[in-house]
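Step one of this worksheet: look at the structure below.
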Amino acid sequence: MKPSLPKGTRDFTPVEMTRRNRILDSIQKVFRLHGYSQIETPAMENLTTLTGKYGDEGDQLLYKVLNSRIHESGKKNEMLDDFKRALEKNTNSELLTERALRYDLTVPFARFVVMHQNEIQFPFKRYQIQPVWRADRPQKGRYREFVQCDADVIGSTSLLNEAELVEMTRAVFSSLGLAVTIKINNRKILAGLADTVGAKDKLIDLTVAMDKIDKIGHEQVVAELVAKGLSNDSIERLKPVFDFKFESVDKTLEFLSKLLENSEIGTKGVMEVQQVLNHCGTENIELDITLARGLNYYTGAIFEVKSNEAQIGSIAGGGRYDDLTGVFGLSGVSGVGISFGIDRIYDVMEECHKWDDGLNSKDSTRVLFVNFGEAESSYCMKAARKLRESGINSEVYPDTVKMKKQMSYADDKQIPYVVLAGSEEIATGQLTLRNMVTGEQQKLNLEEIIKQMQ
RNA sequence: GUGAAUGUAGCUCAGUUGGUUAGAGCGCCUGAUUGUGGUUCAGGAGGUCGCGGGUUCGAGCCCCGUCUUUCACCCCA
């Protein structure tokens, strides 16, 4: 049969993995530097844990897992009915699917917090690096399986957390050498906007439409809002927002506080943004009043990070959610977090040629022992063990094949040193150490080789 | 889910209006050099032309379907 992969999934070669790990290390280092500790959760969750948290679009994109052994069920008639219903529209049936692959790391985290609430010290700062799955149509920068790197603080309403996440974001991308813009906004500002134009009940329609302004233009947005049932009066009052152009954070704040002065929630949103920015400064930040984000659960600050160099969707995003744990039975716990998408960050690095491969990192093989035969390779196994005990990554070529083949293996893997231990070398204890970059060879005993490697 | 493009050797790509045995560069293998890689030289292997149908005397090329990748919409990391 012809080997193939499910649509939207990928293999990663050793070269790709070293590069992915480089991104991962940068992120993980920043997370740890700020006191976040790691957790993991299962790839699968109960379907009920996930549904209804991401909005209608999100629910459509959940990968549901078909129950096993459905052929043994005693409820086949009910199952058939449920299946027919599922063919009509997106319905859930516990008889058919009670599990789903996780769609993000935030909702499983909320579930985790509630289940472990008695073991957790709040505020709880956790990070989590795991794949997530979305049944989206794949294209560039969009995969059905991708890895998210999340850092969240839960159990604290302090805006210092938002500021810290902004600083972490800056740290991650500066260590990767990528120029980015951190777009921020606040759901309370959007709510205030809906409030002041008299369209409180149309908040979601309003934000979704707003989000598209720079893509489809004012007129199209107005048309969409009319279609959603927004009154002419409301639209008229939105006009200054449509006409507003970002110049600076200060000017935007000034504009917003005037616009929203009669809205309690709107004013609160403006104050929050102001405070966050007081803590972390405005470097690399754009206050984007059209930023909305699709996920339902955000209630305060929202972030989105875009590359300044590459044309790709957001490479990180997040925000504050006031009551995600509420549905699981623990209310009054607010959290805020950010998620880095390493697959997209990889694509940006690739597009911008940011790799600067010092391919011989200390993680790859430093020394290869050439295999001359049974007795010699047995000797080399012991010698290699000695090197490994000193922390030097070493390998013995497994087959007794032509030296040319073994040398080009070392060359291909960019192994910097090769040890030649033939019968003569073994007899005298003076092994031949070849530097593969310069071509120089020295006769050294094992201790001297170890010393030279360190 | 809607609309559109794409697929030829391991990789990047040629392939004329449908016409004999489908090519190149790089990579790979062998030898020159049986204890020395990266350079050079000589030789070699490798293709159901994504897959399945159809039209035709004849299809890599035309038609239909399907899958993959990509682009736009939608949404997002």
Side-chain angles (χ1 to χ4, degrees), chain A residues 1-10 13 23 27 54-61 89-90 102-106 129-150 169 172 180 207-209 211-212 215-216 220 224 291-296 302-307 311-319 337-348 368 370-373 376 397 400-426 431-441:
Chain A
M1 70 183 275
K2 204 171 183 173
S4 67
L5 234 38
K7 193 185 195 143
T9 67
R10 300 161 300 156
T13 60
I23 298 170
I27 292 170
Y54 305 112
D56 288 343
E57 290 281 351
D59 282 356
Q60 299 293 124
L61 299 178
K89 56 180 191 210
N90 186 34
R102 65 170 162 248
Y103 176 91
D104 73 353
L105 301 178
T106 309
I129 299 172
Q130 289 191 274
V132 304
W133 293 268
R134 295 180 187 179
D136 217 340
R137 182 115 154 214
Q139 47 181 272
K140 190 177 188 173
R142 177 182 289 178
Y143 309 100
R144 287 185 163 177
E145 178 184 59
F146 60 97
V147 172
Q148 288 195 325
C149 310
D150 276 36
T169 304
V172 165
V180 299
T207 53
V208 168
D211 200 37
K212 300 181 196 164
K215 258 191 194 168
I216 62 175
Q220 292 284 323
E224 194 167 320
L291 178 65
R293 293 184 61 72
L295 296 169
N296 269 356
I302 42 185
F303 317 103
E304 202 158 286
V305 180
K306 302 207 96 178
S307 164
Q311 193 71 43
I312 200 165
S314 49
I315 52 182
I338 189 149
S339 176
F340 295 84
I342 77 164
D343 304 82
R344 281 188 180 175
I345 294 171
Y346 186 104
D347 290 345
V348 172
L368 175 77
V370 169
N371 184 322
F372 285 111
E376 293 90 337
Y397 197 89
T400 309
V401 295
K402 268 192 231 103
M403 199 166 157
K404 184 186 169 79
K405 167 71 185 157
Q406 303 192 39
M407 293 299 280
S408 52
Y409 173 86
D411 197 46
D412 197 58
K413 277 186 85 170
Q414 299 196 38
I415 298 171
Y417 291 93
V418 167
V419 169
L420 307 179
S423 51
E424 206 172 298
E425 280 102 338
I426 291 171
L431 311 182
T432 303
L433 178 71
R434 180 179 177 85
N435 180 324
M436 292 295 281
V437 179
T438 63
E440 280 176 275
Q441 296 192 172

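Chain letters run A, B, ... following the sequence lines, proteins first and then strands; every chain starts at 1.
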Base B:rC76 to side chain A:Arg344, donor-acceptor N/O within 3.5 Å cut-off: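 In this structure, the two groups form a donor-acceptor pair.
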Polar pair under 3.5 Å, donor/acceptor by atom type, side chain A:Arg142, base B:rC75: yes
Considering every strand and a 4.0 Å limit on heavy-atom distances, what is the contact class for [X]: base, sugar-phosphate, or nothing?
X: A:Gly141; value: base
X: A:Gly8; value: sugar-phosphate
X: A:Gly317; value: sugar-phosphate
X: A:Val437; value: base
X: A:Tyr409; value: nothing
X: A:Ala316; value: sugar-phosphate
X: A:Asp136; value: base

A:Phe146 ring over B:rA77 six-membered base ring, under 5.5 Å and 30°: yes
Going by purine N1 to pyrimidine N3 plus the second Watson-Crick contact, or the G-U wobble pair, all under 3.5 Å, which nucleotide sits opposite [N]?
N: B:rG18; value: none
N: B:rU48; value: none
N: B:rC41; value: B:rG31
N: B:rC11; value: B:rG25
N: B:rG60; value: none
N: B:rA4; value: B:rU70

Among [options], find the nucleotide with the atom closest to the side chain of [X].
X: A:Arg137; options: B:rC74, B:rG3, B:rG37; value: B:rG3
X: A:Glu57; options: B:rU36, B:rC75, B:rG37; value: B:rC75
X: A:Glu425; options: B:rC71, B:rG37, B:rG35; value: B:rG35
X: A:Leu61; options: B:rC75, B:rG38, B:rA77; value: B:rC75
X: A:Phe372; options: B:rG35, B:rA72, B:rA77; value: B:rG35
X: A:Lys402; options: B:rC71, B:rG31, B:rC75; value: B:rG31
X: A:Leu420; options: B:rG37, B:rC76, B:rU36; value: B:rU36
X: A:Asp411; options: B:rA77, B:rA72, B:rG37; value: B:rG37

Candidate pair A:Phe372 and A:Thr400, rule side-chain contact (heavy atoms from CB on, under 4.5 Å), full reasoning: CA-CA 6 Å; A:Phe372 285 111; A:Thr400 309; 5.7 Å; no
Short side-chain N/O contact to B:rU36 OP1/OP2 from A:Gln441, under 4.0 Å: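 Looking at the OP1 and OP2 atoms of B:rU36, neither is under 4.0 Å from any side-chain N or O of A:Gln441.
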OP1 or OP2 of B:rU36 under 4.0 Å from side-chain N/O of A:Lys404: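 No.
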Sidechain-backbone polar pair: A:Arg144 side chain, A:Arg137 backbone, donor-acceptor under 3.5 Å: no
Heavy-atom donor-acceptor pair, A:Gln406 side chain to A:Asn371 backbone, under 3.5 Å: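 Side chain of A:Gln406 to backbone of A:Asn371, a donor-acceptor pair under 3.5 Å: yes, one is there.
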For A:Met436 against A:Asp411, the heavy-atom pair lying closest together: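 Nearest heavy atoms, A:Met436 then A:Asp411: CE-N, 4.3 Å.
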Span that lies between the C1' atom of B:rG3 and that of B:rC74, in whole angstrom: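 Roughly 12 Å separates the two C1' atoms.
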Starting at [atom1] of [X] and ending at [atom2] of [N], how long is that distance when rounded to a whole Å?
X: A:Asn435; N: B:rG38; atom1: CG; atom2: P; value: 16 Å
X: A:Leu5; N: B:rG50; atom1: CG; atom2: P; value: 20 Å
X: A:Lys7; N: B:rG1; atom1: NZ; atom2: P; value: 8 Å
X: A:Asn371; N: B:rU36; atom1: CG; atom2: P; value: 16 Å

Cation-pi geometry met for A:Arg344 and A:Phe146 (6.0 Å, 45°): no
A:Asp104/A:Arg134 salt bridge by N-O under 4.0 Å criterion: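 Salt bridge between A:Arg134 and A:Asp104, a charged N being under 4.0 Å from a carboxylate O: no.
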Plane angle bin for A:Tyr103 and A:Tyr54 - parallel if under 30°, tilted between 30 and 60°, otherwise perpendicular: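 A:Tyr54 vs A:Tyr103 ring planes: tilted.
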